[in-house]
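Keep in mind it's a predicted model, so treat the numbers as computed, not measured.
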Amino acid sequence: MACDHEHCTQHHHSKEELEEKEDKKKEIILYVVAGATFLITFIPILPESVKIAFYVLTLLVSGYELFLEGIKNIFHFRFEEDTLMTIAVIAACCLGDFREACLVVLLFSLGEFIEDMAIAKSNRHIETIVDMKTDTANLYQENEIVIVPVENLKVGDKILIKPGEMVPVDSKVLSGKSTLDTSRLTGESEPTLVTEGQEILSGNSNLNGSLTAEVIREYRDSTASQIIDLVYEATNNKGKTEKFITKFSRIYTPTVIILALAISIIPILIGLDARIWITRALVFLVASCPCSIVISIPLGFFSCVGVLSKKGLLVKGTKHIEALAKAKTICFDKTGTITTGKMVIDEISESEKKKEFFSYVYSLEHLSNHPIAISIENEVEKQGWKKEELLQEVLEQEEIAGYGIKGVIQGKQVLFGNQKLLDEYRIPYLEDLNKKGIYIAVDGKLYGYITLKEEIRKGAENLKANLEKIGIHKIAMLTGDGQEKAEEISQKIGGIEIYASLLPKEKLEKVEEFRRKDKVIFVGDGINDSPVLATADFSISMGEGTQIASNTADSILISNQIAILPNIIKIAKSSMRIIYFNMLFSLLTKLVVLILGVAGYAPIWLAVFADVGVTLLTVLNSIRIYRK
C-alpha cells in the first residue's frame, strides 16, 4: 500500500533530523570527555608522564578527525585549514608544548562545531524553499484515483489534491473549495481562499478542503520546479566580491606558507633560537588561515538570497545582490506592475436597485472574456450574490464593436455600452453625463452606469515614501499609456515621476539615460519589457505564475507585492554592509595577530582565535541577515 507522500516526506525528514541530533550528542560527549581529560592535567601532584598520557588522550578524543584530514592533505599537498592546524599541533608536541597543542585542538574543534551548527541553521532556511516539490500526484484514471510520479502528469490531466497535500503542478480548480498556504512562494502568512475556476501554483499547500483540478503546466514548467532551479542557480552565480575572495584565497594561502617557512628558517640560519622562531612561525601559520573570509562572505550572499526568497523575490544569482544594494534609481512599468492589469468597478450609479442592475449587466456579459465582463463577475462575487439567481435568459444578443452590447431580457431591450451606444439608439440623457461611464439603458430609458478603474497593487499607496526612506533618490514610472492615465495612477502611490506614451525603444533609452548617473532597478511584468529588463543594473519581473525561468530579468517577484520592494532593497543593503564588515574585521584581526605573533607577543591559542574564533564571529554575523 502506497504511503501518503507528505507523511513519507515528513517521516524522511524526521529520520534525518534524529540522525543529526544523535551525531551532535556524540560530538558533545566527546568534547566533554576531552575537556575533562585536559582539566585533569592541571592537578599538580600528577607525574609528568601521566599528564602527557592525558594530553595525548585529549588530542585523540577531540582532534582525531582533524588529524586524519590534515595528514591526508599533507600527503596530497593540499594546504587547507585542517593541514595548517595539524602542522601546528605536531610541531607544538615536538617542542614539548603539549598543553598549548591541546588548547589549539580544543578551541579549533569547539569553534568548528558551533560554526557547523550556524551554517546548518542557514542552510535550513534555503531547504524550506527547495522543499516545495512533491514526488507524486493523485491522478483520475477511468473514475479511479491512481498515485503517479509528478513527472508523468500531462496538460489536461485531472488530479485530486487532498487536505494536507502540496499542489504538485500548476493547475486550475475544477471543483471544490479550500484555503492554501502560499507562504513558501509569496512569503504571505495569511491563507488564500481558492474556488472553482482559479489557478493554483505548485509549491502551495492545501490546508483543508479537497480540490479537483486540471493540470495547466507540466512539472518541468510549473512554478515550484522553476523556483528550485532558480535557487540552485542563485547559489552558483557568484558576484564580484565572491570571485575576488576565491582568487584571493588561491594566492594568499601558498604565500602565507612560504612566509611561515621563511620566519622559521631564516632566523635559524643566522644563529637565532630555533624553538622561539618555529613557535612564531606556527602562530603566523595558524593565524593567517583565510577561513573567516572564504566561509563568511559566500554565506552572507547565500543568506541574503535565502531571505529574499522567503520574502517572495527569487534572485538569479548572488552576483546580482551588489547591484540591488547600490541602486539609487528605480523605474516601474505601469500595467501589470504598479497595477494588477485588471479593471475593477469604481462607481455604481444605481444603489437602490443594485442587484437588479447587475442582473441585467451580468446576464449580458457573463460569457465574455472582456476586462469589463471580468470586473462585473468579480463584483458579483464580492457582493456575495449567487450567479444563478442573477442570470437571466438573453435573446437576440449582439456585440457592437466600439459601442457595447445589446440583447432582449424578459421582453425588454437592454443596452450596455458607451455614450456612442446611447446616441446610436437615441437614448435621452443629461448634458453632464459622466464621460467615463459605461451605461445601461432599458426599453429606451437610461437606467444607470458604472465606472471602472485600474486595480492598484495592494500596499502600493506608500511606495514612494518608503523607497525614499531607504535612499532611493529617483522613482519613476515608464509607461506606454497616456499622460492622464499615468498621472492618475502616480498620485495614488505618492506622486512619482511620469514618463508617458513611451514606445519600448523609448523606455530602453530612458533607462540607459538614468544608468549614466546611478545604478538602476527596473520593475516590469516581463511581457513586453524584456529589452529594459535585460539592460537595467538590477531587474525585477512580476511573477503571476508565468514561464519564470525563461525571463530575462535578474529576479522574479513571485509574491507580486511591489509594496515589499523597499524592505527587499533594505535587506540587500544591510547584507552588503555585513559582508564588507566581515571582510574588514577578518583582515584587520589577522593582521594584528600576525604582527604580534612575529614579534613574539601572541601564543598559539590566540592564533587559533584569529582563525576559528574570527570565522565563528563572522559566520554568526552573516546569519544575522535572517533577522532582517
Side-chain angles (χ1 to χ4, degrees), residues 186-188 190 308 311-313 323-347 375 436 451-502 506-507 510-511 513-515 517-526 528-529 532-533 536-544 553-574 628:
T186 66
E188 177 61 58
E190 188 175 335
L308 295 183
K311 291 287 182 185
L313 182 78
L324 174 60
K326 291 176 181 176
K328 300 291 184 185
T329 297
I330 185 166
C331 300
F332 293 91
D333 176 42
K334 182 179 76 69
T335 306
T337 303
I338 293 176
T339 69
T340 62
K342 299 173 184 176
M343 302 298 290
V344 292
I345 292 175
D346 184 26
E347 183 184 349
S375 66
K436 294 181 180 178
T451 59
L452 299 177
K453 64 178 181 180
E454 286 188 87
E455 184 180 41
I456 303 289
R457 295 247 179 222
K458 184 181 176 184
E461 296 81 7
N462 301 317
L463 187 60
K464 183 191 176 189
N466 291 336
L467 285 168
E468 287 175 339
K469 283 179 187 175
I470 59 161
I472 301 296
H473 302 320
K474 180 183 279 291
I475 306 159
M477 182 199 300
L478 311 181
T479 177
D481 284 358
Q483 186 74 18
E484 186 181 348
K485 270 189 178 180
E487 283 180 358
E488 185 183 332
I489 298 300
S490 169
Q491 292 309 311
K492 289 179 180 178
I493 61 170
I496 65 176
E497 290 184 31
I498 301 165
Y499 298 88
S501 304
L502 297 180
E506 291 171 323
K507 278 190 184 182
K510 188 58 68 176
V511 167
E513 178 189 324
F514 293 155
R515 286 187 70 206
K517 297 178 183 177
D518 286 316
K519 294 278 186 187
V520 176
I521 298 169
F522 182 80
V523 189
D525 62 5
N528 56 1
D529 294 320
V532 192
L533 289 167
D537 296 289
F538 185 85
S539 53
I540 302 172
S541 177
M542 306 302 286
E544 302 289 7
D554 301 322
S555 63
I556 311 293
L557 189 62
I558 295 294
S559 67
N560 295 306
Q561 298 173 10
I562 59 170
I564 200 72
L565 291 179
N567 194 23
I568 280 169
I569 298 168
K570 189 176 178 182
I571 289 167
K573 288 178 181 290
S574 177
K628 304 296 179 183

Contact between [X] and [Y] at the side-chain level, heavy atoms closer than 4.5 Å - yes or no?
| X | Y | answer |
| --- | --- | --- |
| Lys328 | Ile472 | no |
| Leu324 | Asp554 | no |
| Val511 | Leu478 | yes |
| Ile345 | Thr451 | no |
| Phe332 | Ile475 | yes |
| Ile338 | Arg457 | no |
| Asp525 | Thr335 | no |
| Cys331 | Thr329 | yes |

**Request:** Go through the structure and list residues passing salt bridge (charged side-chain N to carboxylate O under 4.0 Å, His left out) with Lys453, not counting sequence neighbours.
**Result:** Asp346
Atom [atom1] of [X] and atom [atom2] of [Y]: how far apart are they, to the nearest 0.5 Å?
| X | Y | atom1 | atom2 | result |
| --- | --- | --- | --- | --- |
| Leu467 | Lys570 | CG | NZ | 12.5 Å |
| Asn560 | Lys458 | CG | NZ | 12.5 Å |
| Ile540 | Leu557 | CD1 | CG | 6.5 Å |
| Lys334 | Lys485 | NZ | NZ | 6.0 Å |
| Ile521 | Ile330 | CD1 | CD1 | 4.5 Å |
| Thr337 | Met542 | OG1 | CE | 5.5 Å |

Residues 492-502, side-chain donor-acceptor partners within the protein, below 3.5 Å, at least two apart:
unit_1, atom_1, unit_2, atom_2, d
Glu497, OE1, Lys474, NZ, 3.2
Glu497, OE1, Tyr499, OH, 2.9
Glu497, OE2, Lys474, NZ, 3.3

**Request:** Determine, stepwise, if the pair Glu513 / Lys510 fulfils salt bridge (Lys or Arg N to Asp or Glu O under 4.0 Å).
**Result:** CA-CA 5 Å; Glu513 178 189 324; Lys510 188 58 68 176; 3.5 Å; yes
**Asked** Looking only at heavy atoms, which two atoms of Ile562 and Ala460 are closest? And how far apart?
**Response** CD1-CB, 3.9 Å
**Shortest non-hydrogen separation from Ala563 to Pro566 and the atoms involved** = O-CD, 3.3 Å
**Request:** Start with the C-alpha distance between Val344 and Ser375, add both sets of side-chain angles, then the distance that settles side chain to side chain contact (heavy atoms under 4.5 Å, CB included), and finish with yes or no.
**Result:** CA-CA 5 Å; Val344 292; Ser375 66; 5.5 Å; no
**Prompt:** Would one find more than 12 heavy atoms of other residues, nucleotides or ligands at under 6.0 Å from atom NZ of Lys573?
**Reply:** yes
**Prompt:** With a 3.5 Å cut-off and no angle check, do the side chains of Glu487 and Gln483 form a donor-acceptor pair?
**Reply:** yes
**Asked** Is there a donor in the side chain of Thr340 and an acceptor in the side chain of Glu455, or the other way round, less than 3.5 Å apart?
**Response** yes
**From CA spacing to verdict: side chain to side chain contact (heavy atoms under 4.5 Å, CB included), Leu313, Ile558** = CA-CA 6 Å; Leu313 182 78; Ile558 295 294; over 6 Å; no
**Under 3.5 Å donor-acceptor, Ser555 side chain and Ser539 backbone** = yes
**Prompt:** Is it true that Asp333 and Lys507 have a side-chain N and a carboxylate O under 4.0 angstrom from each other?
**Reply:** yes
